[in-house]
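First the structure, in the form of structure tokens, and then the observations on it.
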Amino acid sequence: MIEIILALCSLIMPGDTAELVFAGDAMQHQRQIDAARQPDGSLDYSSYFTAIEPYVSSADYAVVNLETPLGGAPYSGYPMFCAHDNYVTALTDAGFDLMLLANNHILDRRDRGLKRTVATLQSKGVPWTGVYRDRAQRDSIMPLIRDINGFKVAFLNYTYGTNGITRTTPVEIDYIDRRLIAEDVRKARENGAELIAACVHWGDEYRLLPNKAQKSLAAYLDSLGVEMIIGGHPHVIQPMTLSRSAHTGRPCLTVYSLGNLISAMRTTDTRGGALVRVTLGRDADGRAEIRSANYRMVFVESPQAKGDKFRLLPSESEDLHPAMRPQRDAFVRNARAIFDRHNLCVPLDTLPITDYHTDSSAQQP
């Protein structure tokens, strides 16, 4: 009976929902830089995300891990990343609203690169979280709470490390520290956050299943009442679960890894990733909660001829160079094997991506 009442309420009050999209690691390897370079020396990323823009833009709020500093020229790929400012423009043009910066590559251009990244995003009016110019800036931003269709959602971001590079100035980086996380969660609730998304850079690279440390930290975040636990760093997908928290009794979504959003990596499982879409609603008492979650996969088409660009495509796209179809099929086969076996209540979104529009209320998966 309660389920029927809730369903009727959702029809009567369709506006009392919100949709979030979370994406994986936005990488910038040297091959991507080379392919983006124009004859005049500028870098053009305009074709990167066109194919997924309807899906990302249709969300009420979209989040991506920017796994490269914006350190200024010269630009470089692995192992010390540095992307052109236009890269962020391409991400925001695709509909991404929030950049996650707490990852192991944020100090690739040392403190100066971190500060320039923050300053560039600030100048562009692009929100970010996870790193800060100094403690005062962190205190002025944290907790980062956004009003999304009437839902007050806090976004937290932490990394396991920064590849052994340490800060030399008072920049702030949110490393994984349980006491820090607990304090951030407490402050977020005190400042009115109804729901909390903790985005964590963790895990073993190239492993399709989470390790014990990931599971332990996920359990800790759940015990703090965090409703959305979103992981990155392994550069491959890992399982997703949506279940009732043993601590709060409320729905809790755990995504261990979304894999790569876009990169120039070439092994089968690194050639793509997943996007997860989270629908928020309210229960019979008006409390905000996760109503549902689903995922879809994306695949990176690398240049096949001189002048070609990198493109991010829905994994089911027919607009894919024939030479890349075997790699796409292998990526999808491996990812689906993990998701089908280990996912809990987070199904595949089969709605054609062209059916998504910027007005998210016009569509439902």
Side-chain angles (χ1 to χ4, degrees), residues 10 14-26 49-65 91-92 94-100 146 148-151 153-155 194-199 226-232 237-243 250-262 272-282 288-299 312-317 332 335-336 338-340 342-365:
S10 67
D16 202 22
T17 63
E19 292 190 344
L20 312 180
V21 163
F22 294 92
D25 304 333
F49 307 112
T50 303
I52 68 161
E53 185 273 336
Y55 178 84
V56 177
S57 293
S58 67
D60 297 299
Y61 205 74
V63 182
V64 62
N65 174 46
L91 286 165
T92 55
F96 286 106
D97 301 291
L98 176 66
M99 304 290 141
L100 305 175
R146 289 291 180 264
I148 304 169
N149 275 14
F151 295 85
V153 183
F155 295 91
E194 297 179 281
L195 298 166
I196 296 177
C199 303
V226 172
E227 289 89 359
M228 291 169 276
I229 304 163
I230 311 294
I237 61 89
Q238 291 181 346
M240 314 171 180
T241 64
L242 177 60
S243 59
R250 312 287 291 164
C252 177
L253 172 68
T254 301
V255 178
Y256 282 106
S257 175
L258 287 166
N260 288 329
L261 177 68
I262 194 166
L275 302 169
V276 65
R277 194 177 197 94
V278 186
T279 300
L280 308 180
R282 296 191 181 277
E289 66 176 7
I290 298 172
R291 181 166 292 174
S292 65
N294 56 43
Y295 76 90
R296 70 183 314 126
M297 289 179 286
V298 290
F299 180 79
L312 184 65
L313 300 173
S315 64
E316 70 276 12
S317 176
V332 170
R336 283 297 302 272
I338 292 294
F339 289 144
D340 290 348
H342 296 281
N343 275 23
L344 178 64
C345 297
V346 185
L348 176 68
D349 177 4
T350 58
L351 185 70
I353 205 162
T354 52
D355 286 1
Y356 282 92
H357 308 287
T358 54
D359 179 9
S360 61
S361 65
Q363 53 75 32
Q364 290 290 332

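Bear in mind the structure is a predicted one, so any value in this text is a computation, not a measurement.
- Between the CD1 atom in Ile338 and the CE atom in Met240 there is a gap of 11.5 Å [rounded to 0.5 Å].
- Between Glu227 and Ile196, the shortest heavy-atom distance links the atoms OE1-N, 2.8 Å.
- Scanning both residues, Ala23 and Leu275, for their nearest heavy atoms gives CB-CD2, 3.4 Å.
- Cation-pi contact between Arg146 and Tyr61: absent, since separation from the ring centre below 6.0 Å together with deviation from the ring axis within 45° is not met.
- The shortest distance between side-chain heavy atoms of Glu316 and Arg296 falls below 4.5 Å.
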List the atom pairs, donor and acceptor, that lie under 3.5 Å between side-chain atoms in residues 252-259 and the rest of the protein, sequence neighbours left out.
{"residue": "Ser257", "atom": "OG", "partner": "Val236", "partner atom": "O", "Å": "2.7"}
{"residue": "Ser257", "atom": "OG", "partner": "Gly259", "partner atom": "N", "Å": "3.1"}

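- Taken to the nearest 0.5 Å, the SG atom of Cys199 stands 7.5 Å off from the CG atom of Leu98.
- Atoms CZ and CG, on Phe151 and Leu20 in that order, are 9.5 Å from each other to the nearest 0.5 Å.
- In this structure, the side chains of Pro251 and Leu242 come closer than 4.5 Å at one or more pairs of heavy atoms.
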Check step by step if side chain to side chain contact (heavy atoms under 4.5 Å, CB included) holds for Val56 and Val64.
CA-CA 10 Å; Val56 177; Val64 62; over 6 Å; no
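- A donor-acceptor contact shorter than 3.5 Å links the side chain of Asp60 to the backbone of Glu19.
- Using bins of under 30°, 30° to 60° and over 60° for the plane-to-plane angle, the ring pair Phe22/Phe155 lands in the tilted bin.
- Checking side-chain atoms of Asp97 against main-chain N and O of Ala62 turns up a donor-acceptor pair under 3.5 Å.
- Taking all atoms of both residues into account, the shortest heavy-atom contact from Gly281 to Arg291 is CA-NH2, 3.6 Å.
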Could you please spell out the steps behind the side chain to side chain contact (heavy atoms under 4.5 Å, CB included) verdict for Val21 and Val63?
CA-CA 6 Å; Val21 163; Val63 182; over 6 Å; no
Under the side chain to side chain contact (heavy atoms under 4.5 Å, CB included) criterion, do Thr350 and Asn294 qualify, and how do the steps go?
CA-CA 9 Å; Thr350 58; Asn294 56 43; over 6 Å; no
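- Note that OG1 of Thr50 is 10.0 Å distant from CG of Leu313, once rounded to the nearest 0.5 Å.
- Ring-plane geometry between Tyr295 and Phe339 is classed as tilted, the angle between the planes lying from 30 to 60 degrees on a 0 to 90 degree scale.
- Taking each heavy atom of Ile353 and Ala51 in turn, the nearest pair found is CD1-O, 3.9 Å.
- The heavy-atom pair separating His342 from Thr241 by the smallest distance is O-CG2, 4.1 Å.
- Note that the CE atom of Met99 and the CG atom of Leu91 stand 5.0 Å from one another [nearest 0.5 Å].
- Annotation for Asp25 and Gly232: closest pair OD1-CA, 4.1 Å, computed over non-hydrogen atoms.
- The distance from atom OH of Tyr356 to atom CD1 of Ile52, rounded to the nearest 0.5 Å, is 12.5 Å.
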Determine, step by step, whether Leu100 and Ile230 satisfy the side chain to side chain contact (heavy atoms under 4.5 Å, CB included) criterion, reporting the C-alpha distance in whole Å, the side-chain angles of both residues, the deciding distance to 0.1 Å, and the verdict.
CA-CA 11 Å; Leu100 305 175; Ile230 311 294; over 6 Å; no
